[in-house]
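Note that the structure is a prediction, hence the values are computed from the model and not measured. What you see below is based on every heavy atom in this structure, not just the backbone, and it leaves out hydrogens, waters and symmetry mates. Every chain is numbered from 1 and lettered A, B, ... according to where its sequence line falls, protein lines coming before strand lines.
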Amino acid sequence: MSGPRVRFAPSPTGFFHVGSARSALFNWFVARQSSDGYFILRIEDTDADRNREEWVDGIVSAMSWLGLNLDQGPDRQSDNAPAHADAVAKLLAGGYLYYCDCTGDDVQARKGDNKTPGYDGHCRERGLEKSEKTGVRFKTPQTGSTVVHDLIRGDVEFQNTVIDDFIVAKSSGVVLYALANVTDDRNDAITHVIRGEEHLPNAPKQMMLWSALNEVTGDNVALPVYAHLPLLVNEQRKKLSKRKDPVATESYRDQGYLPDAFVNYLALLGWSPEGDEEMIPLERMIKEFRLEDVSHSPAFFDVKKLSHINGEYIRKLSVEQFIEISAPWVRPWDSAWQPTDREVPWTKDDFNAELFAKVAPLVQERIVLLGEIPAMVDFFFHDQPVMDDAAFTKAIKNDVVAQEMIKAAIARFADVTWEAATLHEEVAALGEGLGLVLRKAQAPIRCAVTGSLVGPPLFESLELLGRENTIARLKKALELAN
RNA sequence: GGUCCCAUCGUCUAGUGGCCUAGGACUCCAGCUUUUCAAGCUGGCUACGCGGGUUCGAAUCCCGCUGGGACUGCCA
């Protein structure tokens, strides 16, 4: 008895959807929890009109980012066209299929109010020959029922009479999803079909195809185990839409989510580890994951929770790891990849790696996304900060006491010992002289030096920035205020 | 319309007849801490959709209702 063989079979018709990412992950879990598990990536690219090569790259790179390593692939379903054609020929010869020249309009017109089942079997007994206008349909049994044994949902029964004679191959000869997928699953000796719940209605059709294929080929291939994952939905409880929802896995990478955090969150959508702890190491997830334990109901993809988990993962990193992992956002010139559409606000020459290493710990505990780093340390790498006008107006321009504070600081900073603790004391003392509590006293200085009212701890920042630079910025702010 | 799936805090979930006056996590709120912002700590709000059964006992089993969703393509 060999291990589980699973496949993730996306179609390259858009960004790599987070729902797809979760399907891929759950498949991968099943493969990796056995020493002899096998994981295939199969690109289902038979619909030439909608598929684009760049989307394939997106799938491959996103999976690699998430660490979902493959045992095989990416395979192209289009490469298996001969096998699909062979399946059609055999099924046709076996009497399981028939030609049909009905157009969509024909079917629609005949259906009228009675919409069950979709196609009325009009061509079933017409004995049509193959032509450019004929598609191929499957003769669905008109009695009995088909039961899908689903690992997550249990047995789901479909009456065969409500399943129409669905199209198996287009008039162009291209074999469609139901059969192409089944043929490839048989050839790949797939044992577990783990996919989104939207495919549940396809399962009985595919089971019929599977056993018909067993008949006509004489190969008695065992049916795979099915597991239909609950959908990922948006706030309106609708299936996540590529058009309206932020579903592109790539964009999460670009924003600075950590792959480990992303995987951990994805796993929590529909599954939960034993005990009260949700953030668990990957090895534990792989070991404990069970399809039988997957929840039945749709889950909302909650970016807030994802972000929280990401922040925790960031804080768990060592400072060295943090510096290393932040490279794409702070020194893309040193990095193997760059987040798209995110320009670093300083040049290679202005960047100071040593300085960044020193502020890194201060930044690390205040961010949730790596993409937040640049805005937080920007002021270190320019002669003058990029001034937030609203902050400047509020904290300095419209506040005479604040300006007194800056003047006092300029005078005092000239010969004070330049270290954070001393600066802290001095600012506190200066503030007291002006009747300001520390939080008020530090605000104008922070604003003048960093250009913002929020940021890393001020006195540590001043120490790193240096005396001259700090005083120059304070003077400049005073100028601007008058 | 038809078929199928689903139903515990706002969200993700734990819970498989008694351990549940329903647990954890996120969010939110309050407080503490505090050089800003975060983080951290403490506390709080809030849920078994409704109605019937079964049972000594039901969030857990059964039925009905209601609600939500998926599918219903010569897309996947």
NZ or CZ of A:R315 within 45° of A:Y313 ring axis and under 6.0 Å: no
From CZ of A:F158 across to P of B:A70 the rounded distance in Å is 16 Å
Just name whichever nucleotide pairs with B:A7, Watson-Crick or G-U, keeping both distances under 3.5 Å, else none. B:U66
Who is the Watson-Crick or G-U wobble partner of B:G40, with both distances under 3.5 Å? B:C32
Taking the same atom, P, in B:G15 and in B:C20, what whole-Å distance lies between them? 15 Å
Interatomic distance, A:F300 atom CZ to A:E235 atom CD [nearest 0.5 angstrom]: 4.0 Å
Show each protein N/O and nucleotides 10-15 of chain B N/O combination with a separation under 3.5 Å, one pair to a line.
unit_1: B:U11; atom_1: O3'; unit_2: A:R237; atom_2: NH2; d: 3.4
unit_1: B:C12; atom_1: OP1; unit_2: A:R237; atom_2: NH2; d: 2.3
unit_1: B:C12; atom_1: OP1; unit_2: A:F300; atom_2: N; d: 3.0
unit_1: B:C12; atom_1: O2'; unit_2: A:L268; atom_2: O; d: 3.0
unit_1: B:U13; atom_1: OP1; unit_2: A:G270; atom_2: N; d: 2.9
unit_1: B:U13; atom_1: O2'; unit_2: A:S272; atom_2: OG; d: 3.4

Distance check needed: B:A70 P versus A:H228 NE2, whole Å only. 16 Å
Ion pair check, A:R42 and A:D75, cut-off under 4.0 Å: no
Cationic tip of A:R137 within the cone over A:Y119's six-membered ring, i.e. under 6.0 Å and within 45° of the normal? yes
Identify whether any heavy atom of A:R153 sits under 4.0 Å from a base atom; if not, whether one sits that close to sugar-phosphate; answer base, sugar-phosphate or nothing. sugar-phosphate
On a whole-Å scale, what distance lies between the C1' atoms belonging to B:U33 and B:G40? 8 Å
Which whole number of Å gives the distance between the P atom of B:A59 and that of B:G53? 15 Å
